[in-house]
Amino acid sequence: MHTRIPAVRYYNFAPGSASMHERILRGLRGSEKELPSFLLYDARGIRLFNQLCRLGGHSIVRRECRLLRGAGDELRRLLGKRTAIVEYGSGTSQTATALLRGMSGVAAYLPVDLSLSSLRFGVRRLRMALKRLSIVPVRADFTSCFPMPAVGLRPERTLVYLSSCALSTMDVAEASRLLQGAAKLCGQRGAVLLGVDLRADPLTEPRSGALLEAFNLNILTHINRRFAANFHVRRFEHAVIDESARNRMELRLTSRVDQIVKIDQERVRLRRGDSILTESRQRYTWNEVERLAHDSAETIERTWFDGQGTAALVLLRPKL
């Protein structure tokens, strides 16, 4: 007897190419130069990131996966069966795979991410691990408003999951706004699950240096291919800014020379020393986690910590 594998339909609410082209130009022409971080995650970027995740400096992914596997039975008891899980900033669904393995009877999994390459990689990962799972991938900016597709099998409740990797891309104010929207989506019967990186050690690890440089510089190659640009990768220097006092790490690319970059028919002047932000990572304190819960009108119902107190799962419920 063959196991029936549910069909996967992708929903696309991503900005069009023209909109992304304008966003890139606006970011490069601003006083604080930046590039959209999701452009780091094309097919090659995902391969490099997965290699980074296997190194000590990115072990938060492994710690969160262990926590999710250990918390699966209790989450199932707390939430019941027929729960739809919506993951904001799903990436390649690495930690979600651990969550879904631990929670049997899930009605559907809705990964939300702006990177189509990441969504496709995640669907392939889950197809191998959980063949009967109903997957509804949504390509969208999870920090913006977008319509949530209907799930075929009516779920009894909704759980919004935000991994530590996704949470770390936002500061406290941005995360608070997102969680307020997540609380409305869940309703009174639903819940929000946060993965939190509580490390006290630096966010980088020496062995990851060359991989991290290749990962960061790859964003230029991706833009060249997708937006008809002519970035010369060797004219840029990779930099990691670890601001321990602010619990924040930034990936940046610095122009080595004065240069003019062409993006389609537009030109952007970059001066030697111009620094371009490509991604930032925020580490949270427990006080900030409590503030997030308070600002989003939710209560902390249950927490799980790893043995070192460096990673946590936090289950939030709407206040009655």
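Everything numeric in this text was worked out from a predicted model, so none of it was measured. All values below come from the heavy atoms of this structure, side chains included, with hydrogens, waters and symmetry mates left out.
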Keeping to residues at least two apart or across chains, list the ring-ring contact (aromatic ring centres under 6.0 Å, His included) pairs with something in residues 244-290.
Trp286-Phe305
With no hydrogens and no angle check, just 3.5 Å: does a side-chain donor-acceptor pair link Ser296 and Glu298?
yes
Under 3.5 Å, is there a donor-acceptor pair between the side chain of Asp274 and the main chain of Ser255?
no
Using residues 226-241 as the side-chain source, report each donor-acceptor pair under 3.5 Å to any protein atom, sequence neighbours left out, with the distance given to one decimal.
unit_1 : atom_1 : unit_2 : atom_2 : d
Asn230 : OD1    : Lys262 : N      : 2.6
His238 : ND1    : Asn216 : ND2    : 3.0

Between side-chain atoms of residues 156-170 and protein atoms elsewhere (two or more places apart, or another chain), which donor-acceptor pairs fall under 3.5 Å?
unit_1 : atom_1 : unit_2 : atom_2 : d
Arg157 : NE     : Leu79  : O      : 2.9
Arg157 : NH1    : Leu79  : O      : 2.6
Arg157 : NH1    : Lys81  : O      : 3.2
Tyr161 : OH     : Glu64  : OE2    : 2.5
Tyr161 : OH     : Thr95  : OG1    : 2.8
Ser163 : OG     : Cys165 : N      : 3.4
Ser163 : OG     : Ala166 : N      : 3.2
Ser164 : OG     : Glu64  : OE1    : 2.4
Ser168 : OG     : Ser164 : O      : 3.3
Ser168 : OG     : Cys165 : O      : 2.8
Ser168 : OG     : Arg281 : NH1    : 2.8
Thr169 : OG1    : Ala166 : O      : 2.6

Can you list every pair that meets salt bridge (charged side-chain N to carboxylate O under 4.0 Å, His left out) and has a residue in residues 24-39, with sequence neighbours left out?
Arg29-Glu266
Please test Leu39 against Ile24 for side-chain contact (heavy atoms from CB on, under 4.5 Å), starting from the C-alpha separation and ending with a verdict.
CA-CA 10 Å; Leu39 292 175; Ile24 292 169; 3.9 Å; yes
On a heavy-atom basis, which atom in Ile85 and which in Met103 lie closest, and how many Å separate them?
CD1-SD, 4.2 Å
Does Val136 belong to the same Ile/Leu/Val/Met/Phe/Trp/Tyr cluster as Leu100, with side-chain heavy atoms less than 4.5 Å apart forming each link?
no
Mind listing the side-chain donor-acceptor pairs of residues 107-114 below 3.5 Å, one per line with the distance, residues two or more places apart or on another chain?
unit_1 : atom_1 : unit_2 : atom_2 : d
Tyr109 : OH     : Glu87  : OE1    : 2.5
Tyr109 : OH     : Ser93  : OG     : 2.8
Asp113 : OD1    : Ser115 : N      : 2.9
Asp113 : OD2    : Ser90  : N      : 3.4
Asp113 : OD2    : Gly91  : N      : 2.8

Check Thr278 against Ile219 and note the closest heavy-atom contact, atom names and distance.
CG2-CG2, 4.2 Å
Quick one: does Leu28's side chain get under 4.5 Å of Ile263's, heavy atoms only?
yes
Is there side-chain contact between Asn50 and Gln94, with heavy atoms separated by less than 4.5 Å?
yes
Heavy atoms, side chains only, cut-off 4.5 Å: are Tyr10 and Val123 in contact?
yes
Taking the side chain as C-beta and beyond, is there a heavy-atom pair between Leu75 and Leu99 under 4.5 Å?
yes
Can the ring centroids of Phe215 and Tyr41 be said to lie less than 6.0 angstrom from one another?
yes
Side-chain heavy-atom pair Thr310, Asp306 within 4.5 angstrom cut-off:
yes
Cut-off 3.5 Å, no hydrogens considered: what does the side-chain donor-acceptor table look like for residues 65-73, sequence neighbours left out?
unit_1 : atom_1 : unit_2 : atom_2 : d
Asp73  : OD1    : Arg76  : NH1    : 3.4
Asp73  : OD1    : Arg76  : NH2    : 2.8

Side chains of Arg302 and Arg317, heavy atoms from C-beta outward: is any pair under 4.5 Å?
no
